[in-house]
Asker: 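Below: one structure in structure tokens.
Positions are given from 1 along the sequence.
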Amino acid sequence: MRETTAGPRVLLRRLREMMAEALEPQERLDRIVREIAQNMVAEVCSLYILRADSFLELYATEGLNPGSVHLAQLRLGQGLVGTIAASARALNLSDAQKHPAFAYLPETGEEIYHSFLGVPVLRAGRTLGVLVVQNRTKRHYRDDEMEALETVAMVIAEMIATGDLARLTRPGMELDLRRSVSMDGLSFNEGVGLGHVVLHEPRVVVTNLFNEDSDQEIERLEVALSSLRLSIDDMLSRRDVAFEGEHRAVLEAYRMFANDRGWVRRLEEAVRNGLTAEAAVEKVQSDMRARMLHMTDPYLRERMSDFDDLANRLLRQLMGRGPDALAEVLPKDAILVARNMGAAELLDYPRQKLRGLVLEDGAPTSHIVIVARAIGLPTVGQVKGAVSLSENGDAIIVDGEEGQVHLRPQADIEAAYSEKVRFRARRQQLYRELRDRPPVSKDGVAVELLMNAGLAVDLPQLAQSGAAGIGLFRTELQFMVASTFPRVEAQERLYREVIDAADGKPVTFRTIDIGGDKVLPYFKGVQQEENPALGWRAIRLTLDRPGLLRTQVRALLKASGGRELKLMLPMVTEISEIAKARDIIDREVRHLSRFAHHLPTSLKLGAMVEVPSLLWQLDELMSAVDFVSVGSNDLFQFVMATDRGNTRIADRFDPLCAPFLRLLRQIAEAGRKADKPVTLCGELAGRPISAMALLGIGYRAISMAPASIGPVKAMLCELPLEALSERMEIALAKNAAKTDIRAELRQFASEHDIPL
Ligand code: PEP
Ligand code: MG
């Protein structure tokens with residue numbers, strides 16, 4: 001191979017001409033490989049494309065036996081081509097046949113060629129194929145030749161992605177790009193959604209690949225880079241970084257990358273080779289992404305994702321798009337796919353067009369997930385690779401029950417899910433019909449079915465679900481979705497909105513329960529703790545920072561002027577905490593009455609039973625409060641020493657076991673004895689079988705997610721409660737080691753045709 005002065009620029013110009021010509025796809029490919037071979041003075045140039053069945057099929061060749069096109073194939077990982085595709089790394093060999101991975105394909109006639117240069121065809125970090133040049137002589141290809149071949153590979157990747165080659169595929173031999181993928185994640189919110197992908201950060205599609213004038217293009221690149229750097233500096237210098245929900249560390253990583261000389265050099269090199277600035281960003285980004293795939297260090301992977309975001313920002317900068325351009329045309333069945341996003345960003349989308357949410361990151365307690373749950377959006381999180389595998393408009397199914405995502409699903413999967421969705425819709429219709437039916441058991445016992453809430457978006461559910469009131473209003477959610485401490489006016493506004501929406505139905509406000517896993521990024525003074533669930537949280541924190549509690553109490557008192565106020569304290573461990581909180585509340589009441597404020601008609605103070613220490617002071621507890629509510633999520637976690645957020649042990653112990661039910665029964669009995677209302681507001685209340693157990697041990701008021709009211713009411717309407725109570729009494733008196741209460745409950749339900 002002689003030194004060539006023609007170089008990649010000429011090659012790219014020729015490619016551009018070929019792309020513009022009206023050619024059949026096969027002819028276009030044939031001419032492309034011929035052109036590359038000529039330009040690079042290679043005897044062979046071949047293009048292999050990855051199929052959905054993980055074979056790399058020879059799609060075009062100059063130099064090898066033309067009869068082997070569409071016949072010669074290698075498995076992913078097999079031979080040199082398979083190795084390049086599997087590793088997403090180029091191979092540059094002066095004597096290919098000596099390489100241990102070399103596999104000889106007799107139909108191609110490639111045995112006479114020694115030197116070999118192969119590069120992956122990459123798009124958004126995914127390998128779509130392999131482009132190879134070969135020569136008879138034993139030579140090592142230069143770096144600039146490798147760079148040129150990579151640039152051409154990128155152009156080919158665009159051709160594949162735009163569907164140009166779809167017409168060349170044979171039935172059953174679809175391209176990998178269109179492959180159906182099923183991905184496992186974690187279920188963050190129930191429900192099933194069928195629809196089409198909307199990438200929250202739409203991948204910028206670079207259509208203009210070739211530049212006219214490299215110098216001018218480098219200038220464009222530099223202008224965009226410096227305004228990118230300025231915008232990052234600007235974000236960093238604003239005091240309210242956390243307000244935008246962007247962590248400082250991420251921004252600092254952006255800044256570091258934006259000033260990274262290696263990155264800038266690689267971008268400039270790609271432009272000098274004839275690409276536009278946009279295409280150069282995409283090429284370098286794709287190379288980086290491919291490398292990222294092989295990184296195992298989670299910290300580095302995270303930083304690479306930051307880098308990815310930065311490259312996207314730069315692309316938008318170059319293409320003159322705002323940083324927060326939403327998908328322009330939202331399909332009516334949009335399923336959002338994002339690495340992560342802020343809670344407020346989700347609320348920017350029209351709810352009626354959303355069918356589901358897929359997040360690469362996210363935690364079950366993250367703000368976005370809280371909001372997704374509040375608006376009833378099926379959500380699956382921790383779906384690694386979801387963003388790079390998806391293209392806008394792809395068909396997708398979100399299964400929030402199994403925690404799975406099916407991208408470009410096959411017809412049978414789609415049909416099965418459509419049936420599932422229809423089934424769910426029928427059930428929902430049934431629940432709607434139950435809405436106005438009084439919540440009374442089959443044998444006439446009235447039960448209060450309340451709902452849990454925490455944001456204004458939850459409020460319409462109060463009427464829709466037919467709940468008797470709000471049994472738990474998690475006030476910390478307002479704090480969690482905000483970017484700074486909500487001011488007293490904002491708090492008051494929300495509480496008033498809640499009480500107005502409740503329209504006379506009772507509402508129990510819980511004072512902020514932050515700390516533990518509920519972190520406020522703007523709240524300074526919270527240190528990393530070894531065991532945050534057992535740490536400085538909830539009432540412990542608010543008693544140490546009385547200003548916080550005082551402000552909240554003031555907002556609550558003002559919002560409920562002329563009406564009843566029910567206030568509840570989270571994570572109470574000893575009775576004295578209630579007295580201290582009461583002091584603060586009383587002082588606020590005195591303060592407001594001094595200024596002639598309209599005060600609540602009555603003020604009831606309750607405590608949550610979440611810490612086991614209260615179990616041995618139930619009588620004292622009952623006389624210190626007006627009501628109690630069992631937080632079974634935390635109580636179970638502490639009683640069973642089982643972290644509620646740890647998926648590994650999540651299903652290990654059953655809350656419907658005899659010891660836990662005996663203990664819950666004891667709390668209900670203590671309440672009855674002291675004539676103090678007892679409710680339960682943890683997740684246990686929301687599943688028909690566990691709700692049934694709670695009724696069977698004496699609970700008459702339970703609070704749950706609004707979507708659970710229908711299924712629980714359906715159970716209640718068929719429940720002979722007296723008979724169940726007797727049955728539970730006997731079951732709980734038995735040897736706990738030999739009793740399977742869950743099985744007993746199932747048996748009872750099937751005997752009485754109770755829907756669970
Ligand atoms: C509980 O712990 O059961 C509860 C209702 O509170 P949270 O889930 O908000 O901790
Ligand atoms: Mg709790």
Side-chain angles (χ1 to χ4, degrees), residues 188-191 343 364-367 369-377 379 400 431 435 439 447-481 494-495 497-499 501-503 505-514 516-518 538 556 566-571 606-610 627-637 644-645 655 664 677-688 690-691 694-695 699-713 715-716:
F188 284 170
N189 192 34
E190 285 237 333
T365 47
S366 60
H367 309 172
V369 173
I370 291 164
V371 172
R373 225 174 270 150
I375 61 175
L377 204 58
T379 303
Y431 299 149
R435 188 179 54 195
V447 172
E448 225 179 338
L449 301 182
L450 302 149
M451 69 171 233
N452 296 344
L455 291 168
V457 286
D458 297 333
L459 298 176
Q461 304 268 13
L462 192 53
Q464 284 159 19
S465 67
I470 297 178
L472 166 66
F473 191 88
R474 292 179 161 106
T475 60
E476 65 276 8
L477 298 197
Q478 183 190 22
F479 289 70
M480 288 165 70
V481 297
L494 173 66
Y495 304 149
E497 208 181 320
V498 175
I499 301 167
D503 196 21
K505 290 179 177 175
V507 181
T508 302
F509 289 97
R510 175 173 75 183
T511 60
I512 50 171
D513 183 10
I514 48 169
D517 58 353
K518 297 174 190 166
L556 282 162
K566 288 178 82 177
L567 249 181
M568 175 159 81
L569 307 170
M571 285 287 293
M608 291 198 70
V609 182
E610 302 184 282
F627 64 94
V628 303
S629 189
V630 180
S632 57
N633 304 339
D634 275 315
L635 186 59
F636 186 74
Q637 130 163 301
R644 63 191 267 189
L664 293 178
V678 175
T679 60
L680 185 142
C681 59
E683 299 306 306
L684 260 192
R687 286 182 207 103
S690 48
L694 294 172
L695 301 175
Y699 285 80
R700 292 294 175 266
I702 48 180
S703 192
M704 63 201 82
S708 295
I709 302 252
V712 168
K713 202 193 250 187
M715 175 276 295
L716 175 68

Asker: Calculate, to the nearest 0.5 Å, the distance between atoms CZ and CZ belonging to R510 and F473 respectively.
Answerer: 11.0 Å
Asker: When you compare the side chain of E610 with that of P570, does any pair of heavy atoms fall below 4.5 Å?
Answerer: yes
Asker: Indicate the atoms forming the closest heavy-atom contact of P506 with A468, along with that distance.
Answerer: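 For P506 versus A468, the nearest heavy atoms are CD-O, 3.3 Å.
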Asker: Any heavy-atom pair between the side chains of L567 and L569 that's under 4.5 Å?
Answerer: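 Contact flag for L569/L567 side chains = no.
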Asker: Report yes if some heavy atom in the side chain of P706 is under 4.5 Å from a heavy atom in the side chain of D458; otherwise report no.
Answerer: no
Asker: Might you point out which heavy atoms bring A456 and P460 nearest each other, and give the distance in Å?
Answerer: O-CD, 3.8 Å
Asker: Has K713 got a side-chain atom pairing as donor or acceptor with S465's backbone, closer than 3.5 angstrom?
Answerer: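 No, K713 side chain to S465 backbone: no donor-acceptor pair under 3.5 Å.
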Asker: So which of L680, L684, T679 actually passes side chain to side chain contact (heavy atoms under 4.5 Å, CB included) with I702?
Answerer: L680
Asker: For the atom pair CE (M608) and CG (D634), what is the distance rounded to the nearest 0.5 Å?
Answerer: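 Answer for the CE-CG pair, M608 versus D634, is 7.5 Å.
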Asker: Measuring from M451:CE to S708:OG, what's the distance to the nearest 0.5 Å?
Answerer: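 Between M451 CE and S708 OG, I get 11.5 Å after rounding to 0.5 Å.
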Asker: Within this structure, what is the CZ-CG distance for the pair F509 and L494, rounded to the nearest 0.5 Å?
Answerer: 7.5 Å
Asker: How close do R687 and V712 get, counting heavy atoms only, and between which atoms?
Answerer: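 That would be C-CG2, 4.4 Å.
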Asker: Under 4.5 Å between any side-chain heavy atoms of I709 and Q461, yes or no?
Answerer: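 In short, these two side chains do not touch, never coming nearer than 4.5 Å.
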Asker: Quick check: closest heavy atoms across L664 and Y699, and the distance to 0.1 Å?
Answerer: O-OH, 2.7 Å
Asker: Taking E476 for the side chain and I514 for the main chain, is one N or O donor matched with an acceptor at less than 3.5 Å?
Answerer: no
Asker: Mark yes or no for whether R373, through its side chain, and F188, through its backbone, hold a donor-acceptor pair below 3.5 Å.
Answerer: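 Side chain of R373 to backbone of F188: a pair is present.
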Asker: Looking only at heavy atoms, what is the nearest atom pair of G682 and S632, with distance?
Answerer: CA-OG, 3.2 Å
Asker: Nearest 0.5 Å please: distance from the CD1 atom of I512 over to the CZ atom of F479.
Answerer: 4.5 Å
Asker: If I compare all heavy atoms of A372 with all of T379, which pair ends up nearest, and what's the gap?
Answerer: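 Closest approach of A372 to T379: CB-OG1, 3.4 Å.
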Asker: Can V507 and K566 be said to form a side chain to side chain contact (heavy atoms under 4.5 Å, CB included), step by step?
Answerer: CA-CA 7 Å; V507 181; K566 288 178 82 177; over 6 Å; no
Asker: What distance separates D513 CG from T475 OG1, expressed to the nearest 0.5 Å?
Answerer: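 Atom-to-atom, D513:CG and T475:OG1 are 8.0 Å apart.
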Asker: Considering the options V498, T508, L450, which one meets the side chain to side chain contact (heavy atoms under 4.5 Å, CB included) requirement together with I470?
Answerer: V498
